[in-house]
Number of protein chains: 2
Amino acid sequence: MPKQAPERHEARKAEILTACLGCFSRKGFHRTSMRDLCETLSMSPGALYRYFDSKEAIILAMIDRDRAQWEVAFSNIPANTPLQEVLEGLTDIAEQGCARVEDIAIFWQVMAEATVNPEIAAVLKRHYGLFTDRLELVIRRAQERGEISTDLPPRDAAVFVISCFDGLLARFSFDPSTDWRTLARRFQSWIHLAFSSLPMAPAAKPSTGGKRK
Amino acid sequence: MPKQAPERHEARKAEILTACLGCFSRKGFHRTSMRDLCETLSMSPGALYRYFDSKEAIILAMIDRDRAQWEVAFSNIPANTPLQEVLEGLTDIAEQGCARVEDIAIFWQVMAEATVNPEIAAVLKRHYGLFTDRLELVIRRAQERGEISTDLPPRDAAVFVISCFDGLLARFSFDPSTDWRTLARRFQSWIHLAFSSLPMAPAAKPSTGGKRK
DNA sequence: TGAACGAGAGCGAACGTTCGCTATGTAAAA
DNA sequence: TTTTACATAGCGAACGTTCGCTCTCGTTCA
């Protein structure tokens with residue numbers, strides 16, 4: 001048999017990842033055995049190991065795929081989008097991609113694993129770092145447009161936004177009766193309120209280095 | 001051999017719990033074997049099983065102890081404490097009791113386990129519920145005093161506060177360079193800002209001016 | 001054109017290890 | 001002697017992973 005076309009191989013890997021994600025979120029990473037995965041995939045261990053070197057490699061690939069999806073999401077945001085809209089957009093993305101119980105379960109599994117596995121921690125830190133960078137830029141732009149207070153430290157503000165939603169995910173995961181959409185909207189408006197309620201720098205004040213549009 | 005006094009038994013259980021917490025946070029719940037625990041405790045499996053029926057029972061006891069500690073912390077807050085001060089107090093408690101990497105690691109372990117283990121999920125949901133109840137009450141009182149907007153839905157506001165800090169814990173856990181104290185203070189002030197910036201209902205005393213000391 | 005080839009996808013039994021847990025033995029105090 | 005705390009040894013099961021095998025099918029070449 002000739003070698004699988006690379007794209008075919010990648011497609012199969014993607015299928016496997018999706019199936020693994022389902023298993024891990026249902027049973028947890030450690031309670032899911034390679035046998036479990038093989039059964040749901042209707043695949044033998046030998047075959048599975050042709051695609052991934054180890055169980056850990058599967059998680060790492062999952063994290064990377066998630067990162068890629070968020071990268072795409074961010075790259076679709078026009079530079080001059082109002083902060084409020086960006087937040088709404090991120091909520092929508094989270095709702096589609098993350099705000100189902102089974103997907104959030106994975107989030108916790110990965111987090112827990114990161115506290116114990118340095119390699120996963122490193123990947124996750126990078127992941128969060130990129131995310132924070134993007135959001136920081138969005139906030140900085142909102143400041144330049146005069147949409148929110150320039151007294152706000154952009155980096156900390158970005159961390160704040162991400163923390164709020166991470167925390168909401170936390171609650172949602174073990175209390176699915178939480179009304180994600182309503183709460184997320186409220187969170188958005190409160191965040192915006194906090195960010196725009198700070199004493200604004202005098203309008204005419206020349207910014208100390210940041211360029212203006 | 002005479003039967004252990006109950007208080008002695010409880011004390012020993014507490015010691016065991018502390019040691020287990022250390023192990024779990026270092027290696028993770030699933031990677032820590034009962035053998036590991038026995039070694040660090042200089043104790044045989046037979047002895048350990050006299051104190052806890054199973055590995056799961058150890059986690060449940062850990063969660064319960066944590067809940068009890070927060071209960072005490074909350075019960076020490078006078079009814080008329082300003083919201084800002086309550087938030088500061090909670091930050092301090094969290095800093096003492098939670099804001100070390102090893103303690104936060106446990107938080108993730110438990111969260112991850114809760115997504116997979118219904119019994120743990122139930123306990124944790126109750127735990128969070130109580131916590132939210134307490135905070136909701138604090139917020140309600142602050143509204144009655146006219147300290148913050150009465151347009152604020154107290155329950156959602158409580159969820160918001162908890163979410164913010166949970167999210168901060170998330171970040172801190174895999175990026176210990178995060179300056180917990182500074183960020184926590186900023187979070188506090190932003191939360192307070194958001195809560196007091198809403199249009200106030202006419203019934204409450206319109207303290208629209210600066211309310212900081 | 002079609003038979004022979006052989007690389008590679010997939011299979012699945014089995015490996016050695018480690019798991020949570022327990023049956024049994026023993027020393028010591030009452 | 002009886003009761004209790006703990007040690008010891010080890011149980012059966014399950015783990016992640018491996019490896020030799022089968023089968024398939026595109027390629028090669030007569």
Side-chain angles (χ1 to χ4, degrees), chain A residues 1-24 26-62 109-110 112-113 116-120, chain B residues 1-24 26-62 109-110 112-113 116-120:
Chain A
M1 194 183 266
K3 187 163 181 174
Q4 258 184 351
E7 60 271 20
R8 173 87 196 100
H9 189 78
E10 286 308 310
R12 192 96 179 87
K13 277 184 88 163
E15 281 175 36
I16 293 171
L17 271 191
T18 303
C20 290
L21 193 136
C23 284
F24 287 156
R26 254 176 282 116
K27 295 190 64 174
F29 178 61
H30 287 282
R31 286 200 219 278
T32 303
S33 67
M34 292 304 263
R35 275 184 175 70
D36 290 333
L37 296 179
C38 289
E39 275 177 31
T40 50
L41 283 161
S42 303
M43 185 183 232
S44 71
L48 181 51
Y49 271 86
R50 279 193 185 277
Y51 291 93
F52 294 98
D53 286 341
S54 65
K55 206 177 174 185
E56 186 180 317
I58 298 178
I59 313 186
L60 288 171
M62 274 173 26
Q109 300 290 327
V110 169
E113 202 55 22
V116 157
N117 183 326
E119 193 176 354
I120 292 184
Chain B
M1 198 177 262
K3 183 160 183 167
Q4 261 183 346
E7 59 269 15
R8 174 84 197 105
H9 190 78
E10 287 307 310
R12 191 97 180 87
K13 277 183 88 164
E15 281 176 35
I16 293 171
L17 271 191
T18 304
C20 290
L21 193 135
C23 284
F24 288 156
R26 254 176 282 117
K27 296 190 62 176
F29 178 61
H30 287 282
R31 287 200 220 277
T32 303
S33 66
M34 293 305 265
R35 276 181 176 74
D36 290 333
L37 296 178
C38 289
E39 275 178 31
T40 51
L41 282 161
S42 303
M43 185 182 233
S44 69
L48 181 52
Y49 272 85
R50 284 192 64 80
Y51 293 92
F52 294 98
D53 287 341
S54 65
K55 205 178 175 185
E56 187 180 316
I58 298 178
I59 313 186
L60 288 171
M62 275 174 25
Q109 300 290 327
V110 169
E113 202 55 22
V116 157
N117 183 324
E119 193 176 354
I120 293 185

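Just so we're on the same page: letters track the sequence lines, and every chain starts at 1.
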Using the side-chain heavy atoms of S33(B), tell me which of these nucleotides is nearest: dA13(C), dC19(C), dC6(D). dC19(C)

Residue met sooner reading DNA chain D from 5', once T32(A) and G46(A) are mapped to nucleotides: T32(A)

Let me know the distance between CZ of R8(B) and P of dA5(D), rounded to the nearest Å. 11 Å

Heavy atoms only, 4.0 Å cut-off, all strands: where does M34(A) land among base, sugar-phosphate and nothing? base

Below the 4.0 Å mark, does dT8(D) have OP1 or OP2 next to a side-chain nitrogen or oxygen of S44(B)? no

Round to a whole Å and report the spacing from NZ of K55(A) to P of dT18(D). 14 Å

Rounded interatomic separation in angstrom, taking OH from Y49(A) and C1' from dA14(C): 14 Å

CD of E39(A) versus P of dA14(D): gap in Å, rounded? 12 Å

Can you find a side-chain donor-acceptor pair between H30(B) and Q109(B) that sits under 3.5 Å? no

Assign Y51(B) to base, sugar-phosphate, or nothing according to its heavy-atom contacts below 4.0 angstrom with the strands shown. sugar-phosphate

R31(B) CZ to dG20(C) P, straight-line distance once rounded to whole Å: 13 Å

Report yes if at least one side-chain N or O of R50(A) is closer than 4.0 Å to OP1 or OP2 of dA9(C); otherwise report no. yes

